[in-house]
A.B. asks: 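The structure's right below; bear with me while I get my questions together.
All values reported here derive from a predicted model rather than from experimental measurement. Order of listing sets the numbers, starting from 1, for every ligand and every atom in it.
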Amino acid sequence: MIADFEYFAPKTVEKALSLVSQYKEEAKIIAGGQSMLIIMKQGLLTPEYLIDIKGIAALDYIKYDEGKGLRIGALTIHRAIEKSPVIQKHFGVLSETERNLATTQTRNWGTIGGNLCHGDPAGDPAPVLIALKAKLKLASLGRERTIEVEEFSKDYLEVALEPDEMLIEIQVPIPPPHTGAAYEKLMVMKGDMGIVGAAVSITLSPGNGVCKDARIALSNCASIPLRAKEAEQVLVGKTINDSLLTKAGEVAAAETNPPVDVHGSAEYRREMVKVFVKRVARIALERAKVG
Ligand SMILES: Cc1cc2nc3c(=O)[nH]c(=O)nc-3n(C[C@H](O)[C@H](O)[C@H](O)COP(=O)(O)OP(=O)(O)OC[C@H]3O[C@@H](n4cnc5c(N)ncnc54)[C@H](O)[C@@H]3O)c2cc1C
């Protein structure tokens with residue numbers, strides 16, 4: 001059963017920000033409700049005020065600019081990202097990720113902003129956005145700031161949002177030439193949360209094919225989406241081959257602190273990280289060669 005609450009449905013960002021600023025910790029934002037309602041039904045959150053932002057049309061957009069990159073409004077649903085021609089063309093890894101996220105029903109109602117603010121380390125978009133060096137625009141009344149997606153998660157279901165702040169926009173820069181990115185997760189069934197997942201972005205030097213930059217981020221391997229920085233260094237400055245990819249997988253596995261649940265032990269998850277980092281990095285590498 002859900003405890004009683006007072007309900008607001010602001011139609012502008014300003015009105016929503018003034019409500020969160022007024023009620024702060026006593027209020028919770030709800031967007032698509034795909035995670036929030038579960039938590040409320042479980043009694044884990046019993047907000048006195050519920051601020052339903054789903055009707056703020058101004059935060060539902062996908063914009064692409066060759067200079068500024070990709071901008072996604074916080075209230076954009078997963079399905080819109082999956083189906084967006086501009087994202088399919090320029091950030092294919094994002095639409096691929098969305099295709100395996102939950103069911104079509106959840107993708108049709110859940111928002112990218114809600115997914116990130118929920119702070120589930122098993123979530124798919126965060127590691128991909130970390131690999132793509134994305135930033136988040138957060139706003140409170142009269143103030144805006146940006147934060148790297150990498151810095152946003154603080155702990156399990158805990159993110160760097162102040163009580164009077166909202167996520168407004170996801171900003172993804174244009175990757176340099178010769179960059180390839182990929183994401184895959186281990187699923188029991190298509191659309192399940194990943195048992196583990198790996199996102200990899202690789203940039204090659206144009207002349208000699210040496211790895212100029214690499215980003216590796218993992219889902220469900222720690223209490224936050226985890227950037228495997230030591231594994232990245234295995235690749236940077238080298239001509240990538242299969243044995244280096246194996247090494248990167250091993251180093252990434254050693255960086256994890258995986259959860260233990262019915263789907264797998266920590267040891268099993270570490271073994272799967274080795275497999276997935278190698279597999280996904282190989283795809284990213286092939287894409288970088290033609291990128
Ligand atoms: C059956 C099922 C399967 C799923 N499978 C997957 C999966 O495979 N991969 C995956 O990544 N996720 C999965 N999810 C999670 C799903 O993607 C998220 O629940 C959804 O995207 C959350 O978006 P929402 O709009 O519903 O957020 P809500 O549930 O409305 O909100 C979630 C949290 O974010 C906060 N919030 C929302 N919007 C904002 C904002 N703009 N600013 C500040 N705070 C905000 C809320 O206060 C709340 O704390 C699954 C969910 C379900 C129900």
Side-chain angles (χ1 to χ4, degrees), residues 2 5 8-10 13 16-17 19-21 23-42 44-47 49-56 58-61 72-82 94 96-129 136-140 144-145 147 152-154 156-170 183-197 199 217 219-220 225 263:
I2 294 184
F5 52 82
F8 300 96
V13 173
L17 289 178
L19 286 164
V20 288
S21 154
Y23 295 116
K24 298 201 175 68
E25 286 90 350
E26 292 171 349
K28 274 301 281 184
I29 286 172
I30 188 166
Q34 299 297 298
S35 298
M36 196 50 200
L37 282 175
I38 295 172
I39 286 185
M40 288 174 70
K41 278 185 186 162
Q42 289 169 337
L44 297 173
L45 275 177
T46 52
Y49 305 96
L50 200 60
I51 302 168
D52 180 352
I53 59 171
K54 185 82 163 140
I56 304 179
L59 292 185
D60 177 9
Y61 58 85
I72 306 175
L75 286 172
T76 308
I77 57 170
H78 295 291
R79 186 75 164 162
I81 297 170
E82 176 193 352
L94 271 179
E96 285 168 15
T97 301
E98 293 287 0
R99 209 173 302 141
N100 281 320
L101 184 152
T103 56
T104 311
Q105 291 90 331
T106 295
R107 294 203 295 280
N108 264 326
W109 206 248
T111 65
I112 182 78
N115 184 292
L116 295 170
C117 293
H118 183 48
D120 187 340
D124 299 311
V128 177
L129 292 169
L136 303 177
K137 183 160 102 180
L138 311 177
S140 53
E144 275 186 6
R145 65 180 175 124
I147 179 170
F152 190 54
S153 284
K154 291 294 167 202
Y156 184 72
L157 304 187
E158 209 181 299
V159 295
L161 268 176
E162 297 298 330
D164 63 345
E165 273 184 325
M166 264 176 71
L167 171 61
I168 300 292
E169 183 179 80
I170 295 97
Y183 175 73
E184 284 194 9
K185 62 178 172 176
L186 176 64
M187 297 173 274
V188 178
M189 283 193 305
K190 185 179 172 343
D192 277 349
M193 301 293 284
I195 298 169
V196 300
S219 55
N220 219 2
H263 296 299

A.B. asks: Under 3.5 Å, is there a donor-acceptor pair between the Thr106 and Gln34 side chains?
C.D. replies: yes
A.B. asks: Please walk me through it: do Glu98 and Arg107 pass salt bridge (charged side-chain N to carboxylate O under 4.0 Å, His left out)?
C.D. replies: CA-CA 8 Å; Glu98 293 287 0; Arg107 294 203 295 280; 5.7 Å; no
A.B. asks: So, using ring pair (Phe, Tyr, Trp, His ring centres under 6.0 Å) as the criterion, who are the partners of Phe8 when residues are at least two apart?
C.D. replies: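 Phe8 satisfies ring pair (Phe, Tyr, Trp, His ring centres under 6.0 Å) with Tyr23 only.
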A.B. asks: How far apart are the C-alpha atoms of Thr76 and Thr111, what are their side-chain angles, what is the distance that settles it, and do they pass the side chain to side chain contact (heavy atoms under 4.5 Å, CB included) test?
C.D. replies: CA-CA 5 Å; Thr76 308; Thr111 65; over 6 Å; no
A.B. asks: Taking it one step at a time, do Glu96 and Arg99 satisfy salt bridge (charged side-chain N to carboxylate O under 4.0 Å, His left out)?
C.D. replies: CA-CA 5 Å; Glu96 285 168 15; Arg99 209 173 302 141; 5.7 Å; no
A.B. asks: Does any donor atom in the side chain of Asn100 or Lys185 lie under 3.5 Å from an acceptor atom in the other side chain?
C.D. replies: no
A.B. asks: Exactly which residues line ligand 1, taking a heavy atom under 4.0 Å from it as the test?
C.D. replies: Lys28, Ile29, Ile30, Ala31, Gly32, Gly33, Gln34, Ser35, Met36, Ile53, Ala74, His78, Leu101, Ala102, Thr106, Gly110, Thr111, Gly114, Asn115, Cys117, His118, Gly123, Asp124, Pro125, Leu161, Met166, Leu167, Lys185, Gly191, Asp192, Met193
